[in-house]
Amino acid sequence: MDLTWSPEEEAFRQEAREWLAAHVPRPPLPSGDTREGFAAHVEWERTLFDARWAVVSWPEEFGGRDASLWQWLIFEEEYYRAGAPARVTQNGIFLLAPTLFEFGTPEQRRRILPRMAAARDLWAQGWSEPGAGSDLAGLRSRAVRDEAAGGWRLTGQKTWTTRGAFCTHLFGLFRTDPRAERHRGLTYFLVPLDAPGVTVRGFARLDGDEGFAEVFLDDVFVPDADVLGGVGEGWSVAMATTGSERGLTLRSPGRFLHAADRLLDLARTRPGGPGAHRDRVVRSWIEARAYELLTLEQVTSIVEGRRVGAESSLNKLYWSELDIRLHETACDLLGPEAEVDTPWSRGFLFSLAGPIYAGTNEIQRNIVAERLLGLPRR
């Protein structure tokens, strides 16, 4: 593998670095999981879009730069290096968009992607239900055919919809054939949250931020044009989305490379200098770069036409547990200071959710055991 960057890629990096240095908001924006902070983040993302940095790897017709996956990785690294705000559009841009590119119709792409890139439509993920978390196939929300109207009537409840309290649209699975087997008879729908019959109820997390929401649907009409993939094919479509969520799309290595560098800087300021918790600090730095190398290998596979598939579960296991260890080390370095509201303490609280969202790590280990190692189910 050639780990050097071409002159064109280095020029792309320099352009991104200079633009970010001139435009990243200072001081940092409030949390995007509060109403005030979400609005500020949306304005920032519109600034990104206006300069064509919001979706660099997308085709120009949808607001991108036709950048390569390698250039996307470079931009992500520079984005985190610059301390730029977390992306509140990530559920749309990093999860739904790859699924639209793979399964969407040309009409759906033309209609949805430009508004998503411009942060005009903001998407929440409608997977979990009160009785279907890690066991996604156990969902009960249903969709009944309305032949006369040319669409479907959706009824049910979704929960843990990240930033659902502030978003304009939801994507998720609904059961269209209750007689089918658990993983069959599911269909992937795109739902406007201002549709008649939709009720969004926000609720606070442990840290007090209010971005999570429950979404209730009572006979909500969705036209056929907002079915993504075929009717009854929702499980296959959803697995493409979860592959993006678990793999490099949602958690690029730039996020952890920057955090590991911040951890080194923190260690240098503590009593005892870099020697305090030395082995743990060094381990975090090495593991962040190991994740970068794993990502480069996967991008090479993608560029050569191979699918990542179940390997995305390895990504998810690795980055979620790295995130916890890295933030635990930072909090131990801070000592009593970690008990107050700091970026490190907030990051630690968020990291604890990593082994749960995008499919619990227990489930991911089963996937790795069965699909990658070929072990029996029992």
Side-chain angles (χ1 to χ4, degrees), residues 5-26 28-29 32 37-124 163 166-169 171 190 241 244-245 247-255 257-258 292 295-296 299 302-303:
W5 299 110
S6 69
E8 179 185 6
E9 288 162 343
E10 290 290 5
F12 180 87
R13 180 188 297 277
Q14 189 61 31
E15 181 185 0
R17 181 176 294 184
E18 291 175 359
W19 188 89
L20 289 163
H23 292 88
V24 167
R26 298 284 186 260
L29 300 179
F38 187 85
H41 279 71
V42 168
E43 287 304 312
W44 158 247
E45 302 225 18
R46 290 174 180 169
T47 300
L48 277 178
F49 174 77
D50 290 341
R52 295 194 307 117
W53 290 112
V55 287
V56 295
S57 62
W58 289 15
E60 290 186 10
E61 65 180 300
F62 302 131
R65 290 174 172 248
D66 278 316
S68 69
L69 281 177
W70 305 113
Q71 289 172 317
W72 174 76
L73 284 174
I74 289 171
F75 177 74
E76 286 285 294
E77 185 177 335
E78 292 302 319
Y79 191 86
Y80 284 104
R81 178 183 176 277
R87 301 291 297 273
V88 297
T89 57
Q90 66 180 18
N91 281 341
I93 288 174
F94 296 149
L95 304 186
L96 177 57
T99 313
L100 275 166
F101 280 117
E102 183 172 357
F103 293 96
T105 65
E107 184 278 330
Q108 286 175 328
R109 296 187 197 115
R110 288 193 300 269
R111 172 165 53 94
I112 296 170
L113 290 172
R115 292 185 59 82
M116 180 193 294
R120 300 297 172 185
D121 292 340
L122 306 160
W123 291 84
R163 301 189 182 98
F166 314 134
C167 287
T168 61
H169 290 71
F171 60 90
L190 309 174
T241 305
S244 297
E245 185 176 22
L248 63 93
T249 306
L250 184 63
R251 292 289 178 259
S252 69
R255 175 190 181 101
L257 292 171
H258 175 59
E292 179 188 28
T295 300
L296 292 174
V299 171
I302 294 169
V303 169

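Along the sequence shown, the residues carry numbers beginning at 1.
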Answer yes or no: is there a donor N or O on one side and an acceptor on the other, between the side chain of R109 and the main chain of F101, under 3.5 Å? yes
Please check this pair: side chain of R111 against backbone of P106, looking for a donor-acceptor N/O pair closer than 3.5 Å. no
Might you point out which heavy atoms bring G32 and H41 nearest each other, and give the distance in Å? N-CE1, 3.5 Å
Heavy-atom side-chain proximity of L69 to I302 below 4.5 angstrom: yes
Between F62 and I112, does the side chain to side chain contact (heavy atoms under 4.5 Å, CB included) criterion hold? Intermediate values first, please. CA-CA 9 Å; F62 302 131; I112 296 170; over 6 Å; no
Nearest-0.5 Å distance, CG of residue L190 to CD of residue Q108: 6.0 Å
With side chain to side chain contact (heavy atoms under 4.5 Å, CB included) as the criterion, how do R255 and E76 come out once you've worked through the C-alpha distance, each side chain's angles and the decisive distance to 0.1 Å? CA-CA 8 Å; R255 175 190 181 101; E76 286 285 294; over 6 Å; no
When rounded to the nearest 0.5 angstrom, what is the spacing between OG in S252 and CZ in F94? 7.0 Å
Can you tell whether the side chains of R65 and E15 come within less than 4.0 Å, N to carboxylate O? yes
May I ask you to decide whether E107 forms a salt bridge with R110, counting only side-chain N to carboxylate O separations under 4.0 Å? no
Polar side-chain atom of Y79 near backbone of P85 as donor-acceptor pair, under 3.5 Å: yes
Can you name the closest pair of heavy atoms from W123 and G92 and give their distance? CB-CA, 4.0 Å
Sidechain-backbone polar pair: E45 side chain, V88 backbone, donor-acceptor under 3.5 Å: yes
The complete set of side-chain hydrogen bond (donor to acceptor under 3.5 Å, both in side chains) pairs with one or both residues in residues 50-61, sequence neighbours excluded, reads none
Quick one: pull up CZ in F12 and CH2 in W70 and give me the separation to the nearest 0.5 Å. 14.0 Å
About how many Å separate CZ of F103 and CG of L96, when rounded to the nearest 0.5 Å? 12.0 Å
Please tell me if the side chains of N91 and R163 come closer than 4.5 Å, counting only heavy atoms from C-beta onward. no
Sorted by chain and number, sequence neighbours left out, side-chain contact (heavy atoms from CB on, under 4.5 Å) with P7 holds for none
Could you check E9 against S6 for side-chain hydrogen bond (donor to acceptor under 3.5 Å, both in side chains), going step by step and ending with a plain yes or no? CA-CA 5 Å; E9 288 162 343; S6 69; 3.3 Å; yes
From L95 atom CG to L100 atom CG, the distance as rounded to the nearest 0.5 Å: 11.5 Å
Which heavy atom of C167 sits nearest a heavy atom of L122, and at what distance? CB-O, 3.2 Å
Do the non-hydrogen side-chain atoms of W44 and L29 ever get within less than 4.5 Å of each other? yes
Indicate the atoms forming the closest heavy-atom contact of P253 with L73, along with that distance. CD-CD2, 3.9 Å
Distance in Å, R115 CZ paired with F49 CZ, rounded so as to fall on 0.5 Å steps: 10.5 Å
Closest heavy-atom pair, L20 versus A82, reported as atoms and distance to 0.1 Å, is CB-CB, 3.9 Å
Backbone of T99 reached by a side-chain donor or acceptor of E102 within 3.5 Å: no
Flag side-chain contact, heavy atom, 4.5 Å: Q71 against V56: no
Sequence-distant partners of R13, side-chain contact (heavy atoms from CB on, under 4.5 Å), two or more places apart: W5, E10, R17, I74, E77, E78
Between V42 and A119, the two heavy atoms sitting closest are CG1-O, 3.9 Å
